[in-house]
Amino acid sequence: MSSPRFRIGYALSLKKERSFILPSLVDYAKLHGIDFVRIDPLLPLIHQSPFHCIIHKLYDPSWVQQLKDFTSQFPDVVIVDPPELISRLLNRDSMLQVVKEVKVSQGDERIETPKQVVVNDLDVVIKDGLNAFRDLGLKFPVIAKPLESDGTPKSHQLCLVSNDSGLKGLHAPIVLQEFVNHGGVVFKVYVVGECVVCVTRKSLPDIAPEEVHKLDAVSSFSQISNSGAQGDDEGNVEMPSLEFVMNVAAGLREATGLRLFNFDLIRDSSDHNRYLVIDINYLPGYAKMPNYEPFLTKFFLDVIQNRTVGGGFSSSYVNENEVVFC
């Protein structure tokens with residue numbers, strides 16, 4: 001008897017398709033009984049089925065409605081993930097609120113979020129000067145982020161603002177987020193169902209209080225990354241404990257109801273037991289994750305066959321700056 005084959009439909013932007021549905025993933029999945037099928041969101045899903053599972057990262061209302069109609073007719077098709085759950089991550093105000101639902105009960109490590117405010121009228125802040133800014137509970141420097149986090153180029157336009165004049169070139173609505181010194185390293189934690197992968201990436205360098213006045217009024221993240229400024233050597237960075245990362249990932253998975261996401265974690269330079277979640281992204285750039293092909297393939301097989309992964313977890317260090325739970 002031939003082995004069963006499963007059809008995974010994907011509805012992604014062209015840019016996302018090129019970075020996610022790589023030939024290496026297609027080939028690996030095919031060897032394990034999975035065929036990826038491109039979905040045209042402008043055509044009825046019923047005409048493109050059958051599917052065993054659908055993955056998507058499109059937010060157009062017409063697509064969301066079509067997906068809703070399709071699932072009402074075919075409830076056995078696994079949708080990864082429901083649009084109403086994803087939508088919580090498309091707003092940087094609601095995004096981090098889920099972190100408050102995460103409880104880490106063991107060890108000294110704790111999880112928090114940076115202070116942040118949504119500013120709908122920058123003119124008010126600029127006009128009233130620093131007093132109004134301080135009333136928001138913030139001090140310079142701050143990170144300015146677009147309120148929407150929908151994967152568009154605009155949503156990735158982040159910058160560091162060092163004084164009130166730097167606010168003048170920004171556009172509301174915008175999120176102003178506390179900058180926390182974190183050793184120039186961010187821990188990117190990828191969640192693939194029950195599997196968790198933690199890797200290190202370079203981030204913004206620490207800024208001493210006496211150095212803030214020397215900074216440009218506003219600097220884009222790309223300017224900072226190209227300036228040659230560096231933080232700690234990634235290879236020498238102490239990783240968060242396995243149990244801590246696993247607990248945070250499990251807590252966020254439960255709070256969001258999502259199965260494919262990543263979150264950015266930093267460690268406060270002044271308190272190494274204090275970690276902050278600064279961003280959560282749905283269906284991130286998994287191809288940057290080591291060995292993403294077997295992780296994703298295993299995940300799809302599990303959700304299609306409606307199995308609970310594992311029965312406990314084994315964990316191992318891939319190397320000094322990569323941790324895998326699976």
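Atoms considered below: every heavy atom in the structure, side chains included; atoms not considered: hydrogens, waters and symmetry mates.
Residue pairs meeting the ring pair (Phe, Tyr, Trp, His ring centres under 6.0 Å) criterion with at least one member in residues 68-127, sequence neighbours excluded: F70-F74.
The other members of the hydrophobic cluster of V180, by chain and number, are V186, I266, L276, I278 (side-chain heavy atoms under 4.5 Å, ILVMFWY only). Taking a 4.5 Å side-chain heavy-atom cut-off between Ile, Leu, Val, Met, Phe, Trp and Tyr, the cluster of V175 extends to V118, L147.
In this structure a side-chain-to-backbone donor-acceptor pair under 3.5 Å is present from Q48 to D40. Under the 3.5 Å distance criterion, the side-chain polar atoms of Q177 are left unmatched by any main-chain donor or acceptor of P114. Between the side chain of K100 and the backbone N or O of E112, no donor-acceptor pair lies under 3.5 Å.
Residues R92 and D279 are in side-chain contact: their nearest non-hydrogen atoms beyond the backbone lie under 4.5 Å apart. A heavy-atom distance below 4.5 Å is not found between the side chains of I174 and L167. The shortest side-chain heavy-atom distance between L160 and I207 falls under the 4.5 Å cut-off.
Between F20 and Y292, the ring planes lie tilted relative to each other; the angle falls in the 30° to 60° range.
Residues passing the side chain to side chain donor-acceptor pair (under 3.5 Å) test with E211, sequence neighbours excluded: K214. When the ring-ring contact (aromatic ring centres under 6.0 Å, His included) test is applied to F261, no partner is found at least two apart in sequence or on another chain. Legend: residues meeting side chain to side chain donor-acceptor pair (under 3.5 Å) with Y275, ordered by chain and number and at least two apart, are R267.
The pair R110-D268 does not count as a salt bridge, with every side-chain nitrogen at least 4.0 angstrom from each carboxylate oxygen.
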